[in-house]
Amino acid sequence: MAAKYIPNEIEKKWQEKWAETGLYRVSEDSPRPKYYALTMFPYTSGDLHIGHWYVMAPSDVQARFKRMQGYNVLHPMGFDAFGLNAENAAIRQGIHPYTWTMQNIENMRRQLKSMGAVYDWDREVITCQPDYYKWTQWFFVKLYEHDLAYRAKAPVNWCPSCQTVLANEQVIDGLCERCDTAVIHRDLEQWFFRITKYADELKEHVGIDWPERIKIMQRNWIGRSTGTEISFALDHPVVDEKEIRVFTTRPDTTSGVTFMVLAPEHPLVPKLTVPERKAEVEAYVERSRRQTEIERLSTEKEKDGVFLGSYVINRLNGEKVPIWIADYVLLRYGTGAVMAVPAHDERDFAFALKYGLPVIHVIDRTDGIAKSFAMAGTMRPGLKQSLEAANITFIETSNGGLYVTLHGDDQIDRYIEMVKSSLLPGSWVEIVGSRWLFIFASEEGVTVLPFDSIDADRLILAKCKELEPNVRNRRTVMEMLWGLEFYHDMLFHTEYGTMIHSGPLTGTPGDQTINTVTEWMEQQGFGHATVSYRLRDWLISRQRYWGAPIPMVYCDKCGIVPVPEEDLPVLLPEDAEFRPTGESPLAYNEQFVNTTCPQCSGPAKRETDTMDTFMCSSWYFLRYCSPHYEKAAFDPEKMKYWMPVDLYTGGAEHAVMHLLYVRFFIKALRDMGIVHFDEPCNRLYNQGHIIAEQRKMSKSRGNVITPDEYVIDLGVDTVRVYFMFLGPWEQGGEWDDSGISGVRRWLNRVWNLVIEEYTPRVESDGVRTELQRTTHQTIRKVTGDIERLRFNTMIAALMEFTNYLTKIRESSSVSQADWNEAIEKLMLLLAPSTPHVAEELWEQTGHYYSIHSQDWPQWDEELAKEEEVTLPIQISGKMRDKITIPAVLASTITKAELPQFARERSTRIAEYLEGKKIKDIIYVPGKILNFVVE
RNA sequence: GGGGAAGUGUCGGAAUUGGCAGACGAGCAUGACUUAGGAUCAUGUGCCGCAAGGCGUGGGGGUUCAAAUCCCCCCUUCCCCA
């Protein structure tokens, strides 16, 4: 009896041997083509959990596969080691962030080693080590020198609990990403990277194979919108500015502007506030400052605002437009001011109704529908009959009022004529929707007033109030119309249509409005086409200790001076004091703060903020190319050899942060001449997430599951395979270990299959060919699946192959040589997935060390080809029988021969066809045969 | 509200992209074996039906000789953005 499979023994044995012999040491002087397989490095938060393994184990399989395929594979590992977690631990437990981080790394490294990956540990990169962050700082200076880093005062997201600034991306639903505290706004002097300079290039993903959904997310995040910047005239005694500019994507609606809204923190607000409104305005500004962005933009919340008491002039029609502030306008977006067109924007419409601001329609409906309500007692008898005669639809109320719906200009015109003659003096009727008219009748005659401007609104409302006491409390015509539910669907729309009520531009058709209006405004000199982005510059300052210090010095004489390369790194002092004050602990460290100016050698102060950790992770893949290089961030030759990355795997949660920053970084370096390519990685793949108890695993939630016990219990190869076998990699899913023993059982079977002696008995040529065919089909399937990162079906194929080989062993019907060959292929196919088992079996079957240095098996398309095919036969689309025929025949048989052929081969089919007339025969060679019968 | 992904047995999932639905594994059932194990092996296992057969891929409609797959409407879940 052969030795049993005892995972822990062979795992230890081979991991030691691989390390001793330097099996996975990577160098650049190889005749093989290079392959850079990068996995997002982990953040040093503590233990690795199975979520990390789910990311790393399949990547390792892919890298091993590429290695066997003959590539010189770089598949490195490192640690993203700066960041808030370490510092928070320091505050809570009094342990220095460096100590805490390095302890974590030690444990994580141990766990990673137990996974048996191909990582070349000589290339490990740790971002919090001075020899790494020296170069992080160096890149900062480079960006500064190329005008891609600048300092500005800006309202920033501030987490009161973490006491630090957060990037927009770190604010989730108005809460801090890390501690779920509500984020507030604060003005601070900050460092920014000019990522917006690259917005257009980042929006395109030229020449790279990235998942469509990531590209879409990045495009949405960048949010490029083309529109028009329009100037509104400002004539105010105490304000120097003579205009307020707004950005809009709907310049065609400009003549419908009935008010303007500024962000509460807009610098003009104090000056534009009239004294009697000062208290109200200040209170509102104060309140919105305390609110989170998400509260301000929430659609559930009713929009509110305050009138400043000042006006701008709409240069299109000369109308005086009141200026309001409202918190749904953000200073960061566009110009911090928007023109409000309540007739064609839902939010503005609600705002106008709430505050009694006029609503003027300036874009025609495209469906040509108009509505009118003829109130009971306002019409002479006979209108009903006229409407019926004209085929106009209406609903009569119990007291004789008519709800009229008009379709098209003809009906509207005819209706106007009918109304003109039917309307009783002292009454009015309005037509809304595809026409905006008020018809008034008095003893003197009939007056038709177009509802087309703010003045018209005033005039019409006054006349209505005279006639009807019920509407005397209405502030606008629209408020009056809104009182009638029948009209609701007519009162605002956001479609593009022909312009109306727009002076010289009236009549411009809907498909030309944007261009025509913008050109016209350009000629008139108060508007121009422009592009606006949602993407903001990347704020990188963090008021924290545990990050790379920003290498800048402030000198009274020379101003802002970067630290020269020979003085880098600016080291973090070891004796920092950790207090949650909101300022970097570095600010209290006098030895750190006080320095001399690199230019004039006079006394100067250091920048005390540190960098966002996304800066550290923006170039770590470059460092892997030459991790010990001292003269620069990387050895240019080695970088040229390895970069760009061939396959980058990691979670989709980095879609708009890390993955956008990395691309920006590379583009910036390219423009500086430091790198030679446009994109950091050619192929990106996002695996899904393993969740536990419906949530992502995290220490704070207490739902962390570590791989360690599974490894001790079942062996690491089983764990690796189980992660792959769970389901499609990109999908992730809830952790459930109920199937893991199945994988272990399978590996047991594999083990026994290979180890136990095989004795041929009756050799059969037929079985031999079949064995060969199955082997080659398996090689083809496994190769294709790893290439496409479909690990679950790859494992299933290997299981099927083992099941098949078990049957062959039972029949003992192939020669020893044929058996050995099949087993050898099986071991090679297993090598990337179960490196330890494969290596041990390789040795036990008398092969030389190491299986991982062997060539990946090739398949022969001819040998893999089926000799016979199973042909399903349908009668009128229903599956009735299957017949097995030679593959050659399947492709040569003619349609005419088929009915007879099928009858001969299948009595069932013959019965079904008995007495039936065949209307049609569908035959897809080797796939399906379908007789369509009467 | 907008954008994206998904919905298949008891469960995880498969289906070469329009051609045998349910591969592979788990679970369950029955049996065999035994140095009684976290075994191992064999057989069965979508639903209804004694059967012939019928029904079945979230629901409803459509295209097609043929739909899990394509089109339209609706429902549910997850992710991203407002």
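Lettering follows sequence order; numbering is per chain, from 1.
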The correct set of residues in residues 771-780 of chain A placing a heavy atom under 4.0 Å from RNA chain B is none

Please state the P separation for the pair G53(B) and A36(B) - nearest whole angstrom. 50 Å

Note, RNA chain B 5' to 3' with Watson-Crick or G-U pairs under 3.5 Å encoded as ( ), [ ], | and . gives (((((((..(((......[....)))((((((.......))))))(((....)))..(((((..]....)))))))))))).

Rounding to 0.5 Å, atoms CG (Leu714(A)) and OH (Tyr722(A)) come to a distance of 10.5 Å

Are Arg663(A) and Trp221(A) in a cation-pi contact, defined as NZ or CZ under 6.0 Å from the six-membered ring centre and within 45° of the axis? no

The side chain of Glu810(A) is closest to which nucleotide in this list: G19(B), A42(B), G38(B)? A42(B)

For atom NZ of Lys807(A) and atom P of C41(B), their distance in whole Å: 12 Å

Syn or anti: how is G9(B) classified when any glycosidic angle within 90° of 0 counts as syn? syn

Taking N and O atoms by type only, does the side chain of Asn220(A) place a donor or acceptor under 3.5 Å from a partner on the base of G2(B)? no

For G12(B) versus C20(B), give the span between their C1' atoms, rounded off to a whole number of Å. 24 Å

Nearest-Å distance once atom P is located in both U57(B) and U8(B): 12 Å

Do Asp200(A) and Tyr533(A) have side-chain atoms, one donor and one acceptor, less than 3.5 Å apart? yes

Taking atom P in both G1(B) and C50(B), what distance in whole Å separates the two? 49 Å

Most 5' of Asn748(A) and Arg213(A) on RNA chain B, judged by nearest nucleotide: Arg213(A)

Distance check, P atoms only: A67(B) and C78(B), in whole angstrom units. 32 Å

Taking the C1' atom in each of A32(B) and A39(B), what is the distance between them to the nearest angstrom? 14 Å

At under 4.0 Å between heavy atoms, which parts of nucleotides 20-32 of chain B does protein reach? Answer with one letter per nucleotide, 5' to 3': B base, S sugar-phosphate only, - none. B--BBSSS-----

Glu734(A) CD - C79(B) C1' separation (whole Å): 16 Å

Does the side chain of Asn220(A) come within less than 4.5 Å of Val656(A)'s, by heavy atoms? no

Over how many whole Å does the gap from Phe931(A) atom CZ to C65(B) atom P extend? 17 Å

